[in-house]
Amino acid sequence: MKGSCERQVFERLRLAYGTSGWWPAESGFEVMVGAVLTQNTAWANVERAIAELRRADLLAPEAIAAVGLGQLASLIRSSGYFNVKAARLKALVAWIHDSGGLEALGRMPTEVLRARLLEVKGVGPETADDILLYAFHRPVFVIDAYTRRLFSRLGAIRGNEHYEILRRRFEEAFPDDVARLNEYHALIVRHAKDVCRSRPLCPGCALKDLCAVGALQPG
DNA sequence: ACCCAGGGTCATA
DNA sequence: TATGACCATGGG
């Protein structure tokens, strides 16, 4: 077996799908907004909400800070949990302001920035890592439900490991490699949407032979 | 009608 | 530490 399981799957997906060019956004702040809005929500619903925010010229921290909470909630209605998410966007832009702005945040070391992100109400581990990787271009990996499901099926993990345990595994497979960590998460999401949605061993799956072998060893 | 989607918080045992 | 309730829209 050549290389770690994490590296094998990456190589297989990359050959199958090529480059994805994530995250779909026109600015770092738009990445941050999308990361909050997509929490437990289909991306198509988030796209409409972001389009509404763009139409209202609200894709800037100061603009979100200035708009009314109810107004904000109604604009992001399509993304679901709109009352919760409106409050989370408010908390996010308040945090940006209190931190001295996006430029100041961009100068912080990754571990400091991560710890500060996790203090924001509504920003958990996955949202924080989305923001670190795709808005601030830091070498972290995003563990989502797709990643757990895929690697569980491959036999490489149990699936219920703690977030930080899994994150460390992927980051150690591609240390300080922002480009590959970026592409990897994008590929996993793309693959999940493409074929292996509800069952293993789907025909045409890029990982079919890995599934057929039965299991990949952890590590 | 039911299930799920690019989670997180809070209360409870 | 680890479940459970809650948040809510839209597509399959």
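Heavy atoms only: backbone and side chains are in, while hydrogens, waters and symmetry mates are out. Naming convention: chains lettered A, B, ... in sequence-line order (proteins, then strands); numbering from 1 in each chain.
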Exercise for review: Specify the closest pair of heavy atoms between A/Gly21 and A/Glu183, including all atoms of both residues, with the distance to one decimal.
Suggested key: N-OE1, 4.0 Å

**Study point:** Over 12 non-hydrogen atoms of neighbours within 6.0 angstrom of CG in A/Asp176
**Key:** no

Check your understanding: Considering all heavy atoms of both residues, which atom of A/Arg148 and which atom of A/Ile157 are nearest to each other, and what is their separation?
Key -> O-CD1, 3.7 Å

**Study point:** Closest-nucleotide 5' rank along DNA chain B - winner of A/Asp130 and A/Leu118
**Key:** A/Asp130

Point to revise | Rounded P spacing from B/dC10 to C/dA8 in Å | key: 15 Å

Point to revise | Ring geometry between A/Phe170 and A/Phe141 (parallel below 30°, tilted from 30 to 60°, perpendicular above 60°) | key: parallel

Review point. Contacts to DNA chain C from residues 175-186 of chain A, heavy-atom cutoff under 4.0 Å, which residues?
Key: none

Exercise for review: State whether a side-chain donor-acceptor pair under 3.5 Å links A/Thr110 with A/Arg138.
Suggested key: yes

Exercise for review: Run the numbers on A/Leu166 and A/Phe151 for side-chain contact (heavy atoms from CB on, under 4.5 Å), then give the verdict.
Suggested key: CA-CA 10 Å; A/Leu166 293 177; A/Phe151 283 85; over 6 Å; no

Exercise for review: Output the residues of residues 68-82 of chain A in contact with DNA chain C, where contact means a heavy atom of the residue under 4.0 Å from an atom of the strand; sort by number or write none.
Suggested key: A/Arg77, A/Ser78, A/Gly80, A/Tyr81, A/Phe82

Check your understanding: OP1 or OP2 of B/dG8 sitting under 4.0 Å from any side-chain N/O of A/Thr127?
Key -> yes

Exercise for review: Evaluate the side-chain contact (heavy atoms from CB on, under 4.5 Å) criterion for residues A/Trp22 and A/Leu133: first the C-alpha distance (whole Å), next the side-chain angles of each, then the deciding distance (0.1 Å), finally the verdict.
Suggested key: CA-CA 10 Å; A/Trp22 262 36; A/Leu133 180 56; over 6 Å; no

Review point. Looking for any heavy atom pair under 4.0 Å, which part of the strands does A/Val123 touch: base, sugar-phosphate only, or nothing?
Key: sugar-phosphate

Check your understanding: Atom NZ of A/Lys193 to atom P of C/dG11: distance rounded to whole Å?
Key -> 14 Å

Check your understanding: Looking at A/Arg148, does any N or O in its side chain come under 4.0 Å of the phosphate oxygens OP1/OP2 on B/dG7?
Key -> no

Review point. OP1 or OP2 of C/dA8 sitting under 4.0 Å from any side-chain N/O of A/Asn83?
Key: yes

Check your understanding: For the pair made of CD in A/Gln39 and C1' in C/dT9, what is the distance, rounded to whole Å?
Key -> 15 Å

Study note, to complete from the structure: Whole-Å distance, A/Tyr163 OH to C/dA2 P, equals 18 Å

Check your understanding: Of the non-hydrogen atoms in A/Glu30 and A/Pro24, which two are nearest, and what is the gap between them?
Key -> OE2-O, 4.3 Å

Review point. Hey, are A/Thr127 and A/Asp130 close enough side-chain-wise for a donor-acceptor pair under 3.5 Å?
Key: no

Practice item. For A/Arg48, report the nucleic acid contact type (base, sugar-phosphate, nothing); a contact means any heavy atom under 4.0 Å. Key: sugar-phosphate

**Study point:** Nearest-angstrom distance from the residue atom CG of A/Asn40 to P of C/dA8
**Key:** 12 Å

Point to revise | Salt bridge present between A/Glu6 and A/Arg169 (N-O < 4.0 angstrom) | key: yes

Exercise for review: Would you mind telling me which of C/dT9, B/dC10, C/dC7 lies closest to the side-chain atoms of A/Lys121?
Suggested key: B/dC10

Check your understanding: Toward the 5' end of DNA chain C, which comes first, A/Ala44 or A/Thr41, by nearest nucleotide?
Key -> A/Thr41

Point to revise | Complement of B/dA1, any strand, by Watson-Crick or G-U distances under 3.5 angstrom | key: none

**Study point:** N/O (side chain, A/Lys85) to phosphate O (OP1/OP2, C/dA8) under 4.0 Å
**Key:** no

**Study point:** Below 4.0 Å: OP1/OP2 of C/dA2 and any side-chain N or O of A/His162
**Key:** yes

